[in-house]
Amino acid sequence: MFHSDNLSINEQNHLTIGVHDAVELAKEYGTPLYILDEDMIRKNCQAYKEAMDQYYDGNGLVLFASKALCTLYTSKLVAQEGLGADAVSGGELYTLHKAGFPMEKVFFHGNNKTRSEIELALELGVGHIVVDNRYELDLLNEVAGERNVTQKILFRIKPGVDAHTHDFVKTGQIDSKFGVALENGEAFEIYAYAATLKNIQIDGVHCHIGSQIFDVDPFHEAARVMIDFMAQLYEKLSLKVRILNLGGGFGIKYAPEDDPLPAAEYIQKAVKTVKKLTAEKGMELPYLVFEPGRSIVASAGVTLYTVGGIKEIENVRTYVSVDGGMCDNPRYILYGAKYTAVLANNASAQPIAPVTIAGRCCESGDLIQEHVMMPKIKVGDTLAVLATGAYNYSMSSNYNRLPRPAIVALKGEEKKVIVKRETYEDIIRNDVL
Ligand SMILES: *Cc1c(COP(=O)(O)O)cnc(C)c1O
């Protein structure tokens, strides 16, 4: 009945996550609380890896996009499952390094990497840097020169593909702050220039067209454009690039109407296109890289809240306030993102009326969801919001000086705190005067 098969209802009519009772978890650890189903994350990693092995003879690598959820524990888990990782900041690189992640399997992204981040990346032995622009290319060449090393790079390219998704999570079109464009020759020029630099080794092309994409057509289109570009680099510059990195962005189920393809199908379809197009051009098969973030961790997460004040405003709406909000999940206030809420302590109750689930921050827009049909809710109930594993903890803040919730990972019968709940002392930790 719920959209992920690790969720169910037990004899007490409570929501269960794996074998665990959500209401018991809320009692034991307090709310708000992030729950993470580790078994599901592992399965999702394995599904991607197996699809690459099965459809592409393992001639590639699946990277977990760290920005979706970056902690020491999740980084270790991803490493154990044999995936690589993408990172977009010094903080993410540092976390991966501290988790013992094999840094040669890390791709470093970002549209404005600082000198000190580039230095850190070289220091830690990051495998590939995905260069965004010419300024950064020069800076990297300089830093690599100072260290007497050659750094393998890809460029981020805007393939000019419409990803059919929210404007804020669209990244493939020319009007984007990320990467270099194809249409105006910018991409071609930067490859030609990079080929002249001493401490740079060009190793591939990268694109990422957006996020929460359900349709496979934009991925096919991106693959076609990128392969054409690779062929052009070879014809005009005799530059043979090895890696084709098609980014991430595979959609997941937030609401009942969302209908994503299983991971393996995205890979299978993309591989088919890549094989066909490269064969047509007589090109060697590229080393293929994908970077899913959301589709690895989102469905594995559930956030538990306790219901506080309820305001029934006649002929207007009913507000149900919970003990978290935009500080632990800013996706509704950012994008109007859809979520499904479940009354965890009465999980099979029938919805009776629409409510707006409000957070506790001092912003009218601090909502979790508006006008959703819910059963009768009362003070003290436990509310579960599903599919919060991606871009919740990683986007969380201390707005209103609210301490961040803990993260509890579930693995079979086991449960453990992998990130502690912040304390008020943590909140003032860096206030030095
Ligand atoms: C955000 C991002 C991803 C991951 O996107 P998901 O939608 O979480 O799969 C991958 N690659 C790049 C470059 C990104 O910016």
Side-chain angles (χ1 to χ4, degrees), residues 41 44-45 47-48 51 60-70 74 78 83-89 91-93 96 105-113 121 126-133 136 153-159 161 163-173 176-180 204-216 218-219 222-223 226 243-254 258 260-263 265-267 270 288-301 331 334-335 337-338 387-395:
I41 296 178
N44 291 341
C45 290
Y48 274 114
L61 187 63
V62 176
L63 313 178
F64 171 60
S66 298
K67 72 177 194 269
L69 178 63
C70 189
T74 49
V78 166
L83 268 60
D86 98 25
V88 296
S89 70
E92 288 183 0
L93 289 176
L96 289 164
K105 285 165 86 174
V106 172
F107 284 60
F108 184 29
H109 286 280
N111 69 305
N112 193 18
K113 305 170 189 76
V126 164
H128 288 86
I129 296 188
V130 183
V131 177
D132 183 87
N133 57 68
E136 186 176 295
I153 66 154
L154 290 71
F155 284 102
R156 174 152 185 173
I157 290 169
K158 301 187 244 199
V161 172
H164 310 149
T165 186
H166 192 290
D167 276 350
F168 287 4
V169 291
K170 245 187 222 178
T171 51
Q173 71 286 6
S176 166
K177 69 169 183 170
F178 297 105
V180 287
V205 293
H206 167 265
C207 71
H208 171 71
I209 55 175
S211 203
Q212 186 60 358
I213 303 167
F214 292 106
D215 193 353
V216 288
F219 291 111
M226 298 297 279
I243 298 177
L244 171 58
N245 181 335
L246 290 172
F250 312 118
I252 70 114
K253 200 178 187 89
Y254 284 110
D258 294 337
L261 286 178
E265 272 184 54
Y266 277 117
I267 302 289
L288 203 50
V289 176
F290 293 98
E291 305 169 328
R294 188 189 311 275
S295 53
I296 289 181
V297 290
S299 305
R331 294 191 66 256
L334 266 177
Y335 321 115
K338 277 183 281 184
T388 56
Y391 305 110
N392 273 233
Y393 176 72
S394 64
M395 283 187 163

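In listed order, ligands and their atoms are each counted from 1.
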*Judged by atom type as modelled, is there a donor-acceptor pair below 3.5 Å linking the side chain of H109 to the main-chain atoms of V88?*
no
_Under 4.0 Å from ligand 1 - residues by heavy atom, chain and number_ = A65, K67, D86, H109, R156, H206, H208, S211, G248, G249, E291, P292, G293, R294, Y391
*K338: what forms a salt bridge (charged side-chain N to carboxylate O under 4.0 Å, His left out) with it, not counting sequence neighbours?*
E257, D258
*Determine the interplanar angle of the F219 and Y266 rings, folded into 0 to 90°, and report it as parallel if under 30°, tilted if 30 to 60°, perpendicular if over 60°.*
perpendicular
_Near-ring test H128/H206, centroid separation under 6.0 angstrom_ = no
*Do Y254 and R331 touch side chain to side chain, with heavy atoms closer than 4.5 Å?*
yes
*Can any side-chain N or O of N245 pair as donor or acceptor with the backbone N or O of V205 at less than 3.5 Å?*
no
